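The structure under discussion appears below in the form of structure tokens.
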Amino acid sequence: MQIQAPRGTRDVLPADSFRWQYLESKMRQAAALAGYREVRTPVFEHTELFLRGVGDTTDIVQKEMYTFKDKGDRSITLKPEGTAGAARCFLEHNLYAEALPCKMYYLDAPIFRYENPQSGRLREHHQFGLECFGAQEATADAELILLAYHLLEELGIRNLKVKINSIGCPKCRPAYHRTLKDYLADRLDGLCEDCRERFDRNPLRALDCKERKCRELTKDAPSMLDLLCDECRAHFEELKGCLDSAGIPYTVDSRIVRGLDYYTKTVFELITETKDGSLTVCGGGRYDNLVGEIGGPSLPAVGFGMGLERVLMLLEGEGITLPEPRWYDIFITYMGSHRADAFRLVQALRAEGIRADLDHCGRSLKAQFKYANKTGAPLTGVIGDEEAAAGAVKIKNMATGEEQTVTAQDAPALIRQIIQ
RNA sequence: GUGGGUAUAGCGUAGUUGGUUAACGCGCCAGAUUGUGGCUCUGGAGAGCGUGGGUUCGAGUCCCACUACUCACCCCA
């Protein structure tokens with residue numbers, strides 16, 4: 001059997017890569033506008049980082065990581081999310097000793113999760129993520145939500161829903177945990193297996209469980225929002241105030257708790273409603289304990305991740321066409337014996353910054369034109385006996401059919417003038 | 001990890017109750033137009049039917065397994 005790409009992975013073909021490049025440029029722009037600069041971290045990290053950072057009770061760590069031993073007997077894991085690596089990098093290079101906050105973004109970061117693939121869900125996908133280290137105020141949370149919202153909106157994605165919640169901090173969450181556990185303890189037998197297992201260490205997950213019986217049983221469960229400490233409550237109120245003043249629609253959903261353990265206070269998701277259900281394109285929140293958890297100073301931070309494949313999928317679903325750059329400015333055709341002239345001209349044009357090419361397949365003049373037409377080149381050049389003798393090229397405008405002969409020296413200027 | 005659907009040339013499909021050299025559209029190549037594309041016409045190349053087994057005189061058509069795709073659950077971006 002022919003070798004195929006591994007399950008749950010996708011190739012981006014030359015004809016489609018411009019879509020990615022377009023997204024990338026928009027994302028870089030949005031990030032730069034808010035003071036975020038790019039960071040690039042390894043595709044794999046020590047497994048330990050994710051055990052401590054992401055949390056060893058999470059589904060991601062328990063059943064979805066690509067973990068293996070390298071030849072030095074180290075346990076290595078392909079990044080299952082972006083934040084832990086960024087935090088490790090921040091810490092390792094003592095960036096906390098420099099001016100804070102430290103704002104960074106990553107783009108096209110490959111993320112690996114061993115899941116059952118389906119629409120909008122791959123084993124390798126790519127994220128655009130922002131992290132802001134050292135900022136505790138809610139304005140930092142708000143600017144991230146707004147940045148994500150405006151970016152998606154600008155790209156043309158409709159029906160965007162913003163959901164926010166606060167899941168408290170180490171001061172108030174234990175009390176809530178106890179309250180919730182008391183509530184759940186009476187109903188433990190009715191919960192699904194996963195929720196029963198997570199009951200001790202992470203009872204919050206039960207609120208987010210999709211099992212009907214769990215949903216039913218937790219319908220009237222106490223809400224974290226009612227038990228936030230003063231600090232968390234004030235923080236959440238300020239966040240809502242920021243979003244209100246920015247005028248974006250959002251809803252408070254006390255059931256979103258996210259699948260990663262490091263979150264504190266703010267958690268949020270950007271969701272779109274498509275014909276077959278809702279899809280989360282962006283998710284994030286505050287993680288004031290992560291840096292400390294992995295051995296650094298106690299330092300607040302907030303961030304989000306956005307799935308590029310999902311964004312692309314939504315754009316396609318909405319029939320949005322992205323601007324496709326021109327492949328060639330001009331395609332130089334030639335008669336039988338003048339290939340060398342065509343080659344020299346193409347090299348000269350490229351040196352002038354003009355996207356030019358010639359036939360490398362020994363095709364007839366007619367076939368060369370057909371090919372030129374297929375590439376969408378706005379211009380073609382012909383070098384036949386007459387042109388070759390005169391050191392010239394006949395340039396044709398493919399849209400109008402107009403032709404004019406110029407010397408090779410004058411060609412770049414003319415070409416530039418026409419394609420303006 | 002669990003359950004359902006699908007698997008025929010590069011792509012999209014047709015293949016009747018299993019029966020001779022597997023069909024069509026698009027795409028590709030060539031010609032009509034030996035210095036010129038897009039339209040049209042003509043011709044051509046290209047699959048032995050996901051892989052491996054089985055049933056049968058005979059299987060793309062039936063059965064089993066595997067793989068992949070897909071959908072739902074789960075989880076998430």
Side-chain angles (χ1 to χ4, degrees), chain A residues 1-10 13 15 54 58-64 79-83 109-129 148 152 192-195 198 205 208-212 214 256-260 268-272 276-284 303-314 331-338 359 361-388 393-403 405:
Chain A
M1 221 213 308
Q2 210 184 39
I3 296 176
Q4 308 172 308
R7 175 155 215 216
T9 66
R10 289 179 98 79
L13 303 179
V54 177
T58 60
D59 283 348
I60 289 179
V61 167
Q62 282 185 341
K63 43 193 204 197
E64 296 182 352
K79 279 197 282 201
E81 58 93 50
T83 301
I111 301 292
F112 302 89
R113 288 183 205 160
Y114 193 85
E115 301 189 88
N116 219 332
Q118 56 183 266
S119 158
R121 177 219 215 131
L122 297 161
R123 288 187 174 175
E124 180 196 37
H125 76 274
H126 299 81
Q127 287 190 13
F128 166 54
L152 293 172
C192 73
E193 202 179 318
D194 280 344
C195 287
R198 289 185 295 227
R205 296 292 309 158
D208 200 30
C209 189
K210 302 297 188 292
E211 288 271 339
R212 203 184 301 111
C214 298
I256 65 168
V257 299
R258 321 267 322 132
L260 300 93
F268 63 89
E269 291 181 0
L270 271 68
I271 298 166
T272 55
D276 16 52
S278 57
L279 190 73
T280 301
V281 262
C282 176
F304 74 68
M306 185 181 286
L308 298 215
E309 283 86 350
R310 286 191 180 178
V311 173
L312 251 7
M313 203 177 119
L314 291 171
F331 191 87
I332 305 299
T333 66
Y334 56 89
M335 304 287 296
S337 60
H338 305 299
D359 175 66
C361 303
R363 279 188 268 243
S364 68
L365 186 67
K366 180 194 180 70
Q368 293 178 49
F369 265 88
K370 276 192 167 181
Y371 178 79
N373 192 246
K374 258 177 289 198
T375 67
L379 299 175
T380 47
V382 191
I383 299 181
D385 294 339
E386 289 170 31
E387 290 81 7
V393 54
K394 188 192 278 179
I395 290 173
K396 175 173 183 172
N397 183 323
M398 293 296 269
T400 65
E402 265 178 275
E403 292 185 326
T405 304

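Since the structure is predicted, the reported quantities are computational estimates derived from the model, not experimental observations. A, B, ... follow the sequence lines: proteins, then strands. Residue 1 opens every chain.
- Spacing between rC66(B) and rG58(B) at atom P, rounded to whole Å, works out to 26 Å.
- Residues of residues 370-381 of chain A that place a heavy atom closer than 4.0 Å to RNA chain B, in numerical order, are Lys370(A), Asn373(A), Lys374(A).
- Nucleotides rU51(B) and rG60(B) are separated by 15 Å at their C1' atoms, to the nearest Å.
- Residue contacts shown for Glu386(A) include a base, since a base heavy atom lies under 4.0 Å away.
- Position along RNA chain B of the nearest nucleotide to Ser119(A) versus Gly284(A) favours Ser119(A) as the more 5'-ward residue.
- The environment of Arg10(A) atom CZ is sparse: at most 12 non-hydrogen atoms of other residues, nucleotides or ligands sit within 6.0 angstrom.
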Hey, what are the protein-to-nucleotides 2-10 of chain B N/O distances that come in under 3.5 Å?
{"unit_1": "rU2(B)", "atom_1": "O4", "unit_2": "Asn116(A)", "atom_2": "ND2", "d": "2.7"}

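- For rG3(B) and rA65(B), the P atoms lie 12 Å apart once the distance is rounded to whole Å.
- Closest-nucleotide positions on RNA chain B for Gly384(A) and Arg7(A) were compared, and the one nearer the 5' end corresponds to Gly384(A).
- Salt-bridge check for Glu115(A) with Arg121(A): passed, with a basic side-chain N closer than 4.0 Å to an acidic carboxylate O.
- For the pair Arg310(A) (side chain) and Thr280(A) (backbone), a donor-acceptor distance under 3.5 Å is present.
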Q | Base-pairing string, 5' to 3', of RNA chain B - Watson-Crick or wobble, under 3.5 Å, | interstrand | A | (((((((..((((.....[...)))).(((((.......))))).....(((((..]....))))))))))))....
